[in-house]
> 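The structure that follows is given in the form of structure tokens.
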Amino acid sequence: QVQLVESGGGLVQAGASLRLSCVASGGTFSNYLIGWFRQAPGKEREFVSAIAWTNGNTYSPNSMKGRFTVSRDNAKNTVNLQMNTLKPEDTAVYYCAARDLRAIGGVGSPLAYAYWGRGTQVTVSS
């Protein structure tokens with residue numbers, strides 16, 4: 001059973017940086033895409049970024065490019081999300097998710113991801 005565990009969230013001031021980590025276990029991920037999503041209170045889950053486990057190709061919506069960078073460490077089964085120049089509107093629970101590359105649905109569609117972590121809270125104060 002695939003398990004994803006996020007860490008690295010916390011309370012920071014606007015302008016600070018945070019690095020979130022997602023440790024994956026319980027499967028082989030060679031054909032997987034690992035994604036990061038976030039959900040703020042009262043809002044829909046939002047796609048942040050994703051990375052292909054095998055070749056490291058990354059995917060991000062334009063709104064996330066520039067401040068958010070996803071990377072992977074295959075040896076540690078870990079995917080990281082580096083977040084810079086954080087803003088209060090970045091406050092949300094951040095989730096790590098995994099999907100097969102061949103699954104139906106766009107890279108940014110939460111419905112296409114079969115496995116989810118429990119999330120880590122990121123709070124940015126002004």
Side-chain angles (χ1 to χ4, degrees):
Q1 181 70 20
V2 172
Q3 290 188 324
L4 304 170
V5 180
E6 304 96 335
S7 63
L11 172 62
V12 297
Q13 290 189 333
S17 297
L18 274 177
R19 183 181 176 91
L20 305 183
S21 294
C22 172
V23 178
S25 63
T28 55
F29 301 99
S30 57
N31 290 320
Y32 272 65
L33 193 69
I34 308 297
W36 285 97
F37 292 79
R38 69 185 185 183
Q39 189 165 18
K43 295 188 177 181
E44 293 187 352
R45 195 160 293 190
E46 181 181 24
F47 174 57
V48 176
S49 192
I51 188 166
W53 195 268
T54 299
N55 60 18
N57 286 348
T58 61
Y59 309 85
S60 299
N62 288 336
S63 59
M64 301 296 175
K65 292 179 180 177
R67 295 192 299 122
F68 293 80
T69 304
V70 64
S71 63
R72 80 199 193 289
D73 184 338
N74 287 17
K76 296 182 179 180
N77 272 17
T78 299
V79 171
N80 300 306
L81 181 67
Q82 179 68 40
M83 306 187 295
N84 298 325
T85 320
L86 284 164
K87 305 175 182 180
E89 51 264 41
D90 294 319
T91 295
V93 178
Y94 284 72
Y95 296 92
C96 173
R99 57 165 282 178
D100 192 295
L101 282 168
R102 300 159 291 186
I104 296 173
V107 171
S109 172
L111 296 177
Y113 289 76
Y115 305 100
W116 291 83
R118 293 187 175 184
T120 184
Q121 176 71 46
V122 172
T123 303
V124 184
S125 63
S126 58

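In this text, all values refer to a predicted model and were calculated from it rather than measured experimentally. The residues of the chain are indexed from 1 along the displayed sequence. Heavy atoms only: backbone and side chains are in, while hydrogens, waters and symmetry mates are out.
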> Can you tell me how far apart CD (Glu44) and CD (Gln39) are? Round to the nearest 0.5 Å.
8.5 Å
> I need the Thr54 OG1 to Arg72 CZ distance, nearest 0.5 Å.
7.5 Å
> At their closest point, which heavy atom of Gly106 faces which heavy atom of Ala112, and how far apart are they?
O-CB, 4.0 Å
> Heavy atoms, side chains only, cut-off 4.5 Å: are Asn77 and Trp53 in contact?
yes
> Are Met83 and Val124 grouped together when hydrophobic residues (ILVMFWY) are joined by side-chain heavy atoms under 4.5 angstrom apart?
yes
> Any link between Phe37 and Tyr115 through a network of hydrophobic side chains (Ile, Leu, Val, Met, Phe, Trp, Tyr) touching at under 4.5 Å?
no
> Measure across Ala98 and Ile34 and return the closest heavy-atom pair with its distance rounded to 0.1 Å.
CB-CD1, 3.6 Å
> Is it the case that Arg99 places NZ or CZ above or below the six-membered ring of Tyr113, under 6.0 angstrom from the centre and within 45 degrees of the axis?
yes
> Starting from Leu20, can I reach Leu4 by hopping between I/L/V/M/F/W/Y residues whose side chains sit under 4.5 Å apart?
yes
> Go through the steps to decide whether Asn84 and Gln82 satisfy the test side-chain hydrogen bond (donor to acceptor under 3.5 Å, both in side chains), and finish with yes or no.
CA-CA 7 Å; Asn84 298 325; Gln82 179 68 40; 2.9 Å; yes
> Using every non-hydrogen atom in the two residues, find where Phe47 and Ser60 come nearest and quote the distance to one decimal.
CE2-CA, 4.2 Å
> For atom CZ of Arg118, is the number of surrounding heavy atoms from other residues, nucleotides or ligands below 6.0 Å larger than 12?
no
> Heavy atoms only: give me the nearest Thr85-Ser17 pair and the separation to one decimal.
N-OG, 4.1 Å
> OH of Tyr32 to CG of Asp100: how many Å apart, nearest 0.5 Å?
6.0 Å
> Is it possible for you to say whether Leu11 and Leu18 belong to one hydrophobic cluster, with membership spreading through side-chain heavy-atom contacts below 4.5 Å?
no
> Between Asn80 and Arg19, what is the shortest heavy-atom contact and its length?
ND2-NH2, 3.0 Å
> Shared ILVMFWY cluster between Val70 and Met64, side chains joined below 4.5 angstrom?
yes
> Could you grab the distance from atom CZ of Arg45 to atom OG of Ser109, nearest 0.5 Å is fine?
11.5 Å
> Measure the shortest side-chain to side-chain distance between Arg67 and Asp90 over non-hydrogen atoms and say whether it is less than 4.5 angstrom.
yes
> To the nearest 0.5 Å, what is the distance between CG on Leu33 and CG on Asn57?
9.5 Å
> Describe, in one word, how the ring planes of Phe68 and Tyr94 are oriented to each other, choosing from parallel (under 30°), tilted (30 to 60°) and perpendicular (over 60°).
parallel
> With a 4.5 Å cut-off on side-chain heavy atoms, are Glu6 and Trp36 touching?
yes
> Please name the pair of heavy atoms, one in Ala92 and one in Ala40, separated by the smallest distance, quoted to 0.1 Å.
CB-N, 3.8 Å
> Decide if atom CD of Gln13 counts as having more than 12 heavy atoms of other residues, nucleotides or ligands within a radius under 6.0 Å.
no
> Distance from Gln1 atom CD to Ser25 atom OG, nearest 0.5 Å?
9.5 Å
